[in-house]
Amino acid sequence: MSPAPAVLAVIPARGGSKGVAAKNLAPVAGVPLVARAARECLAARNVTDVVVSTDDPAIAEAARSAGAEVVDRPADLAGDLASSETAVLHAMDVYEERHRRPLQTVLLVQCTSPFLVREDVEQVAAAVIEDGADSALTVAPFHGFVWRDGATPAAGSGDAPAGLSGDAPGAASGAAGTSGADGGAYGVNHDRAVRPRRQDRPEDLLETGAAYAMDAMGFRESGHRFFGRTAVVRTDPARVLEVDDPHDLARARLLAPLLDAHRDGAGALPTREDVDAVVLDFDGTQTDDRVHIDAEGRETVAVHRGDGLGIAALRRAGLEVLILSTETNPVVAARAAKLRLPVLHGIDRKDLALKQWCEERGIAPERVLYAGNDANDLPCFALAGWPVAVADAHDVVRAAARAVTTRGGGAGAVREIAGWLVGAEL
């Protein structure tokens with residue numbers, strides 16, 4: 001008996017990127033972009049398989065850690081001029097050869113859309129699987145006036161956007177795009193002399209770039225993501241963002257605590273089932289980041305007794321706990337000895353030390369909760385599955401965190417984290 005046809009989501013994620021270095025691995029809320037996309041595709045009820053097409057070993061590792069299958073993309077399909085369609089067609093061939101299973105529907109999902117949600121994936125797939133469309137895409141409602149700078153296309157030249165010249169109410173045929181004799185900017189979807197109210201303007205639809213679905217056979221024949229009857233799936237405009245440059249990435253990181261928390265609610269906080277180890281920065285995380293110096297030059301810091309209780313609870317729950325610090329101050333070692341914890345301090349590359357520590361103990365980095373407060377913690381944030389910022393952490397650290405405590409460093413933040421993981425025990 002032959003296997004049932006598959007619904008395959010393909011996430012193209014090559015290693016090269018001109019706009020943002022290692023873009024597809026860039027963390028948003030502590031999760032690499034490629035892993036965020038894979039997570040939503042895997043959660044979609046009508047998607048049977050998820051593959052990431054990549055030429056980069058680090059992306060492949062992140063994809064597998066997120067639960068996706070990996071297709072190694074050949075170099076000739078990974079250059080700047082290679083299209084997403086060619087990557088999807090290659091992934092389809094590899095999948096069918098590997099699994100001996102035919103494809104019914106194929107999805108192209110872009111991991112540069114960090115706020116894609118599983119419902120969008122499900123609906124774009126359903127438009128093809130259930131509603132009979134040949135192809136489908138996610139769109140967002142758009143009511144803006146679009147302008148283009150440059151000389152006005154000559155009437156009948158074919159350069160003006162088709163079907164837009166008569167859209168504005170009251171506009172004469174061919175009026176849109178008229179900029180006068182000065183050769184300045186012209187309206188693309190409106191007559192600049194007519195300013196209709198929003199409710200009187202037609203609703204345009206903006207392609208989000210997040211998710212596409214195609215009938216597998218039709219896609220093979222056409223070689224393009226749009227063919228036959230194309231359906232649109234409306235999505236939340238607030239979630240429409242494509243990461244193409246560093247500013248886009250910065251916006252995504254600032255929006256993530258709001259959009260992810262709104263979606264996940266309490267589920268955005270880790271539980272004991274999510275974590276095998278807790279790694280703690282010291283200054284600014286277990287202290288308030290202030291140092292007291294006496295007349296002899298000796299340094300002292302203040303810590304929170306509740307944090308000690310939280311660490312004890314974590315150890316009783318069977319979690320590995322480590323203090324990891326760049327500081328060489330003896331107070332770090334003294335605090336670790338008091339808490340009976342292993343400590344690595346005086347470390348320049350905390351991420352390399354964390355990776356080695358995980359390997360020595362057989363702990364998967366994605367099951368590590370790392371708590372920090374400053375920019376030197378960001379490399380560890382990119383490695384750990386649960387990067388956590390204390391409430392008074394630097395803005396860039398809060399933006400990169402997957403969760404943020406309500407208490408500050410040295411004010412019970414560690415005990416709060418322990419409460420997430422062990423619950424009633426605290």
Donor-acceptor pair between Glu207 and Tyr212 side chains, under 3.5 angstrom: yes
Main-chain N/O of Val7 paired to Thr48 side chain as donor or acceptor, under 3.5 Å: yes
Exercise: do Glu360 and Gln356 side chains pair donor with acceptor under 3.5 Å: yes
Student check: side-chain heavy atoms of Leu421 and Val278 closer than 4.5 Å: yes
Check: Gly385 main-chain N/O paired with Glu366 side-chain donor or acceptor under 3.5 Å: no
Candidate pair Glu203 and Arg234, rule salt bridge (Lys or Arg N to Asp or Glu O under 4.0 Å), full reasoning: CA-CA 12 Å; Glu203 179 186 70; Arg234 287 170 170 79; 3.2 Å; yes
Ring pair (Phe, Tyr, Trp, His ring centres under 6.0 Å) against His224, all qualifying residues, sequence neighbours excluded: Phe226
Euclidean distance, Ser84 OG relative to Ile11 CD1, rounded to 0.5 Å: 12.5 Å
Donor on one side chain, acceptor on other, Thr230 and Ser135, under 3.5 Å: yes
Any Thr235 side-chain heavy atom under 4.5 Å of Thr208 side chain: yes
Side chain to side chain contact (heavy atoms under 4.5 Å, CB included) against Ala44, all qualifying residues, sequence neighbours excluded: Asn46, Val47, Val121, Glu122
Qualifying side-chain hydrogen bond (donor to acceptor under 3.5 Å, both in side chains) pairs, either residue in residues 62-75, two or more places apart: Ser53-Arg73, Glu69-Arg98, Glu69-His99
Exam field: side chain Asp374 to backbone Asn376, donor-acceptor pair closer than 3.5 Å: no
Inter- and intrachain pairs under side-chain hydrogen bond (donor to acceptor under 3.5 Å, both in side chains), touching residues 336-351, at least two apart: Asp281-Lys350, Arg349-Asp351, Lys350-Tyr370, Lys350-Asp377
Pair Ile347-Leu344, side chain to side chain contact (heavy atoms under 4.5 Å, CB included): steps then yes or no: CA-CA 7 Å; Ile347 303 295; Leu344 296 173; 4.1 Å; yes
Shortest non-hydrogen contact from Ala353 toward Leu324: CB-CD1, 4.1 Å
Check: Asp283 side chain, Asp289 main-chain N or O, donor-acceptor pair, under 3.5 Å: no
Minimum side-chain heavy-atom gap Trp357-Val279 below 4.5 Å: yes
Side chain to side chain contact (heavy atoms under 4.5 Å, CB included) assessment of Val240 paired with Phe115: CA-CA 7 Å; Val240 177; Phe115 302 117; over 6 Å; no
Asp274 side, atom CG; Trp386 side, atom CH2 - distance, nearest 0.5 Å: 5.5 Å
Can I get a per-line list of side-chain donor-acceptor pairs under 3.5 Å for residues 103-114, giving both atom names and the distance, sequence neighbours left out?
none

Ala68 versus Leu42, closest heavy-atom pair with distance: N-CD1, 4.1 Å
Six-ring centre of Phe381, Arg402 cation under 6.0 angstrom, axis tolerance 45°: no
Residues Asp120, Arg239: salt bridge by 4.0 Å N-O rule: no
Short side-chain to backbone donor-acceptor contact, Arg39 and Ala66, under 3.5 Å: no
Considering all heavy atoms, the nearest Ala13-Val34 contact: CB-CG2, 4.1 Å
Any donor-acceptor pair under 3.5 Å from Arg36 side chain to Val28 backbone: yes
Check: Gln286 side chain, Gly410 main-chain N or O, donor-acceptor pair, under 3.5 Å: no
Considering all heavy atoms, the nearest Ala78-Ala82 contact: N-CB, 4.1 Å
Short side-chain donor-acceptor distance under 3.5 Å, Asn189 and Asp204: yes
Side-chain (Asp131) to main-chain (Ala133) donor-acceptor, under 3.5 angstrom: no
Min side-chain heavy-atom separation Val396-Leu378 under 4.5 Å: yes
Spacing of CZ belonging to Arg220 relative to CG belonging to Asp215, to within rounding of 0.5 Å: 11.0 Å
Residues Arg195, Phe145; criterion side chain to side chain contact (heavy atoms under 4.5 Å, CB included); working and verdict: CA-CA 9 Å; Arg195 309 304 290 176; Phe145 292 118; 3.0 Å; yes
Nearest-0.5 Å distance, CG of residue Leu8 to CE of residue Met214: 9.5 Å
Separation between CZ of Arg335 and CG of Leu341, rounded to the nearest 0.5 Å: 8.5 Å
Under the side chain to side chain donor-acceptor pair (under 3.5 Å) test, residues paired with Ser325 that sit two or more places apart: none
Beyond-backbone contact of Tyr95 with Asp49, side-chain heavy atoms, under 4.5 angstrom: yes
Asp248 side chain to Asp244 backbone, donor-acceptor under 3.5 Å: yes
Exercise: identify the closest heavy-atom pair between Leu339 and Gly308: CD2-CA, 3.8 Å
Verdict with reasoning, Met92 to Phe219, per side chain to side chain contact (heavy atoms under 4.5 Å, CB included): CA-CA 11 Å; Met92 292 168 66; Phe219 178 61; 3.6 Å; yes
Electrostatic pair Glu96-Arg101, nearest N-O below 4.0 angstrom: no
Within-4.5 Å side-chain heavy-atom neighbours: Asn373 and Val397: no
Side-chain donor/acceptor of Arg272 to backbone N/O of Val275, under 3.5 Å: yes
Beyond-backbone contact of Val71 with Val52, side-chain heavy atoms, under 4.5 angstrom: no
Neighbour count >12 (heavy atoms, 6.0 Å) for atom CZ, Arg290: no
Test item: Val390 and Asp392 side chains (from C-beta on) under 4.5 Å apart, heavy atoms: yes
Thr405 OG1 to Arg415 CZ distance, which is reported to the nearest 0.5 Å: 14.5 Å
Which atom of Val233 lies closest to which atom of Ala127, heavy atoms considered: CG2-CB, 4.5 Å
